[in-house]
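Working notes, structure below.
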Amino acid sequence: MRHVLAVFELSTPEIERIFELSRDLKAKLARGIREPLLPGRVVALLFDKPSLRTRVSFEAAIIHLGGGSMFLGTDVGFGQRESVADFARVLSEYVDAIVVRTYKHQTVLDLAEHSTCSVINGLTDLSHPCQALADLYTLQERYGKLAGGKLVWVGDGNNVARSLATGAARLGMKFVAAIPPGYEFDAAFLARIKTQVPGADVTVVHDPFEAVRGAMSIYTDVWTSMGQEAEREQREQDFAAYQVNAKLMAAAPKDACFMHCLPACRGQEVTDEVIDGPQSVVVAQAGNRLHVQKGILAWLLGPSNGAKN
Ligand code: CP
Ligand code: NVA
């Protein structure tokens, strides 16, 4: 049985297989075919934080695949009424997969350790693997070949940035992040990428204009992630020079696309002109969350990964 807790755990062939399944299911959906690859399978969504894309794309994905979902908000008392181990063991009796969105990454690791069904990370403080997979899928769909391409991150060295850097490295892309001092990737993460992804080309700089030269894509995210609200004012000051605006886009190649995981704080990390402009692919990117969640579920719950029968 496999989990999807971080991009690190997926090999390059496994990512490519997920993309292949996603592509096939997307093409079939465009022809009106919703292939029931997972009849009767049940996915529980255990969310401690708000979500539009992750929640709805997973729920729609499992319905398209012939199964069903249940959304578990805070009323099930995850982390409150009983130990994470007891919660995991019992929930696993009822469902085939748990998509979990919470604060600490360690909570997801603990949940997976005690679950007897697959656990999928739907965002933690450390990573957002399903987002990164959909983003890289979007780039592959748009440009064909990813290897050798340069993916540029502008902003916080956060959960999305880490997952994207790892996925980009797995697929042979160069990843350059322009991050303000104090918000860079930690040394342990950089060391892990170097040891676990041979040939990884991940660089952190402080100048966004230097970073975007030769970019295939320019990606940003909010300056203040969920759970960091108390730091908002400080962050607005620290990130002020890291806005993706028309001037920054003009320093990148004309065919570079603009990406954002959404939701966006328009006027902060990105201007309306850029996010609504011709280079922006944010809606297609969000749309692909559905197709890639289907690829992830089909890969994870299909017969080859030892999922429940
Ligand atoms: N990008 C993303 O994960 O969006 P939600 O927070 O709406 O799920
Ligand atoms: N970095 C953001 C991503 C939201 C999808 C957060 O964690 O809030």
Side-chain angles (χ1 to χ4, degrees), residues 4-7 43-62 69 71-74 98-108 120-139 151 153-167 177-180 183-186 189 217-232 234-236 238-239 242-244 258-266 268-270 275 280-297:
V4 175
L5 307 181
V7 181
V43 175
L45 292 106
L46 183 60
F47 278 40
D48 277 344
K49 294 176 177 175
S51 171
L52 168 64
R53 282 143 286 266
T54 308
R55 173 186 176 170
V56 180
S57 60
F58 264 113
E59 295 211 46
I62 190 67
S69 71
F71 183 76
L72 308 176
T74 48
I98 305 166
V99 181
V100 56
R101 168 170 288 198
T102 191
Y103 291 88
K104 290 196 176 78
H105 193 73
Q106 188 59 46
T107 309
V108 173
I120 301 172
N121 176 357
L123 183 145
T124 63
D125 55 351
L126 273 196
S127 64
H128 197 2
C130 302
Q131 178 71 52
L133 291 174
D135 299 336
L136 292 162
Y137 176 86
T138 303
L139 286 175
L151 176 52
W153 177 268
V154 180
D156 192 12
N158 66 10
N159 44 9
V160 176
R162 283 195 199 89
S163 293
L164 212 49
T166 313
I179 302 177
Y183 296 93
E184 300 97 333
F185 297 135
D186 54 283
F189 172 77
S217 175
I218 293 135
Y219 198 125
T220 192
D221 185 13
V222 290
W223 294 339
T224 305
S225 284
M226 292 180 276
Q228 299 172 332
E229 290 76 8
E231 301 169 24
R232 188 180 297 283
Q234 184 63 50
R235 284 175 169 267
E236 283 174 16
D238 296 343
F239 285 90
Y242 290 78
Q243 184 185 66
V244 181
F258 170 75
M259 301 181 91
H260 193 307
C261 54
L262 303 179
C265 280
R266 289 164 173 261
Q268 290 201 0
E269 77 274 5
V270 62
I275 199 168
S280 175
V281 298
V282 298
V283 176
Q285 182 188 352
N288 277 334
R289 296 291 306 275
L290 169 69
H291 309 297
V292 177
Q293 316 299 31
K294 287 167 80 173
I296 292 168
L297 290 171

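Both counts, for ligands and for their atoms, begin at 1 and track the order of listing. One is the number of the first residue; the rest follow in order along the sequence.
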Please say whether His128 places an N or O atom under 3.5 Å from an N or O atom belonging to ligand 2. no

Using a 4.0 Å heavy-atom cut-off, say whether Leu262 meets ligand 2 through its side chain, its backbone, both or neither. backbone

List the closest protein heavy-atom neighbour of atom 3 (C) of ligand 2: residue, atom name, distance to the nearest 0.1 Å. Asp221 OD2, 3.6 Å

Do side-chain atoms of Arg101 reach the backbone of Pro50 as a donor and acceptor pair under 3.5 angstrom? yes

Answer with yes or no whether the side chains of Glu269 and Thr220 bring together a donor and an acceptor at under 3.5 Å. no

What residue and atom, counting heavy atoms only, is the protein's closest point to atom 8 (O) of ligand 2, and at what distance? Met226 N, 2.8 Å

Going by distance alone, is a donor N or O of one side chain under 3.5 Å from an acceptor N or O of the other, for Ser225 and Asp156? no

Show every salt bridge (charged side-chain N to carboxylate O under 4.0 Å, His left out) that has at least one partner inside residues 49-59, sequence neighbours left out. Arg55-Glu59

Atom 4 (C) of ligand 2: closest protein heavy atom, distance to 0.1 Å, is Leu123 CD1, 3.8 Å

Of Thr124, Asn159, Asp125, the one forming a side chain to side chain donor-acceptor pair (under 3.5 Å) with His105 is Thr124

Logged contact type for Asp156 with ligand 2, heavy-atom cut-off 4.0 Å, is neither

Would Arg101 count as a polar contact of ligand 2, with the cut-off being nitrogen or oxygen pairs under 3.5 Å? no

For ligand 1, would you mind listing the residues that have at least one heavy atom less than 4.0 Å away, ordered by chain and number? Ser51, Leu52, Arg53, Thr54, Arg101, His128, Gln131, Cys261, Leu262, Arg289

For atom 7 (O) of ligand 2, grab the closest protein heavy atom and report residue, atom and distance to one decimal in Å. Asn159 ND2, 2.8 Å

Rounding to 0.5 Å, atoms NE2 (His260) and SG (Cys265) come to a distance of 7.5 Å

Under a 3.5 Å distance rule, please check whether Asn288 uses its side chain to pair with a backbone N or O of His291 as donor and acceptor. no

Does an N or O anywhere in Ser225 fall below 3.5 Å from an N or O of ligand 2? yes

Between CG on residue Asn158 and CG on residue Asp221, distance to nearest 0.5 Å: 4.5 Å

Using the test ring pair (Phe, Tyr, Trp, His ring centres under 6.0 Å), find all partners of Phe71 that sit at least two apart in sequence or belong to another chain. Phe47

Those residues that, when tested against Asp48, pass side-chain hydrogen bond (donor to acceptor under 3.5 Å, both in side chains) (two or more places apart): Thr102

Ignoring hydrogens and angles, tell me if any N or O in the side chain of Glu236 forms a donor-acceptor pair with the backbone of Gln234 under 3.5 Å. no

Looking only at distances, please establish whether an N/O atom of ligand 2 is found under 3.5 Å from an N/O atom of Cys261. no

Relative to the heavy atoms of Asn158, which atoms of ligand 2 are at a distance of less than 4.0 Å? 1 (N)

